[in-house]
Number of protein chains: 2
Amino acid sequence: MSISNLAQELLITPRTIRYYEEMGLLTPFHHEKMSQRLYGPRERARLTLVLRGKRLGFTLAEIKEMIDLYDIDRTEGLQLERTVAYGEKKLQELEEKIQELILLKGELMDYHQQFTELLKKDEPPTNDNLDNR
Amino acid sequence: MSISNLAQELLITPRTIRYYEEMGLLTPFHHEKMSQRLYGPRERARLTLVLRGKRLGFTLAEIKEMIDLYDIDRTEGLQLERTVAYGEKKLQELEEKIQELILLKGELMDYHQQFTELLKKDEPPTNDNLDNR
DNA sequence: ACACCAGTTTACGTGAACGTCAACCCCTTT
DNA sequence: AAAGGGGTTGACGTTCACGTAAACTGGTGT
């Protein structure tokens, strides 16, 4: 798969993909004599992971750390213990983010509730209420 | 409460607080003849909200939109209907983010599991296992 | 052979979110 | 009165995550 095909599929630009490679987040095939980049399912999976991370507010550096956790090749030389410990820390952070999101959603829902009721008062029974009767 | 007190409490710099004001996210007391800024509980609440939003990957512009939803004064002139509709859209987005985070956490947990098992194999029973016996 | 298209490198530009520094108050403490 | 200790306003600098443009290369159809 070519770079612009992949870009089109994931709604980003080739530049973005090359940038991620430059940052060490992707490692596509630099075919013999480095003419073109080729992307397999592995790279696409990584890329979607990067994009997910971005949507959730992680920096590329943070995402790289997580990706390296996923990557057996890269963690090869490292101490497994540390990797596992670091993974647990990351999982903890993710859990905290989930809780914060739930909190934020809760607050928004409260205000939403208030406004919805305000709307009921301001706009007393219209025809809409009688439509499906 | 002064600006640097507030900054210290929330682990940010005064500059950041002033910047948020410049962006329309905060509106502290500009005391008579504008000598100094004073922050009450309302502004502190807003600020924590901003920081929460930032941690979750929202831009300041997006956060401002949400804050304006919260703010009765600011939504005064607007059509309540639109405000409510927009609020529902935002709630939807939050829910999607929560789901994505859960997804990401799930993936990380899978890999974590694999690595933990690898570690069990590589490091067969040590003294640690006998310690609390 | 030539045009054309897609991909590549290089390099400078850009917007968001602040950091940093200078110069200037204002109040208080000595 | 002089010296500090915040606070305030510019204004320029900086980092991250790309955008954009230029110049080049490599295969492909005609």
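Quick note on labels: first sequence line is chain A, next is B, and so on, each numbered from 1.
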Without decimals, in angstroms, what is the distance between B:Leu47 CG and C:dA17 C1'?
14 Å

B:Glu22 atom CD is separated from C:dA17 atom C1', nearest whole Å, by 11 Å

In A:Gln99, A:Lys97, A:Glu100, the residue satisfying side-chain contact (heavy atoms from CB on, under 4.5 Å) with B:Leu101 is A:Lys97

In whole angstroms, the gap separating C1' of C:dA17 from NZ of B:Lys64 amounts to 16 Å

What is the distance, rounded to the nearest whole Å, between atom CG of B:Leu51 and atom P of C:dC18?
9 Å

Output the residues of residues 2-20 of chain B in contact with DNA chain D, where contact means a heavy atom of the residue under 4.0 Å from an atom of the strand; sort by number or write none.
B:Ser2, B:Ile3, B:Ser4, B:Arg18

Could you state the CG-C1' distance from A:Leu38 to D:dG27, rounded to the nearest angstrom?
14 Å

Checking side-chain polar atoms at under 3.5 Å, does A:Gln92 have a donor or acceptor matched by the opposite partner on A:Glu88?
no

Whole angstrom is fine here: how far is it from CD1 in B:Ile63 over to C1' in C:dC18?
14 Å

Could you report the tightest heavy-atom contact between B:Leu119 and A:Val84, atom names first, then the distance?
CD1-CG2, 4.1 Å

Between D:dC16 atom P and A:Leu25 atom CG, what is the distance in whole Å?
13 Å

OP1, OP2 of D:dC16 versus side-chain N and O of A:Lys54: anything below 4.0 Å?
no

Who passes side-chain contact (heavy atoms from CB on, under 4.5 Å) against A:Thr48, sequence neighbours left out?
A:Leu10

Answer whether the closest heavy-atom distance between the side chains of B:Thr16 and B:Thr13 falls below 4.5 Å.
yes

Using the side-chain contact (heavy atoms from CB on, under 4.5 Å) criterion, which residues pair with A:Glu107? Sequence neighbours excluded.
A:Leu103, B:Leu49, B:Arg52, B:Tyr70

I need the CG-P distance between A:Leu26 and C:dT8, as an integer number of Å.
13 Å

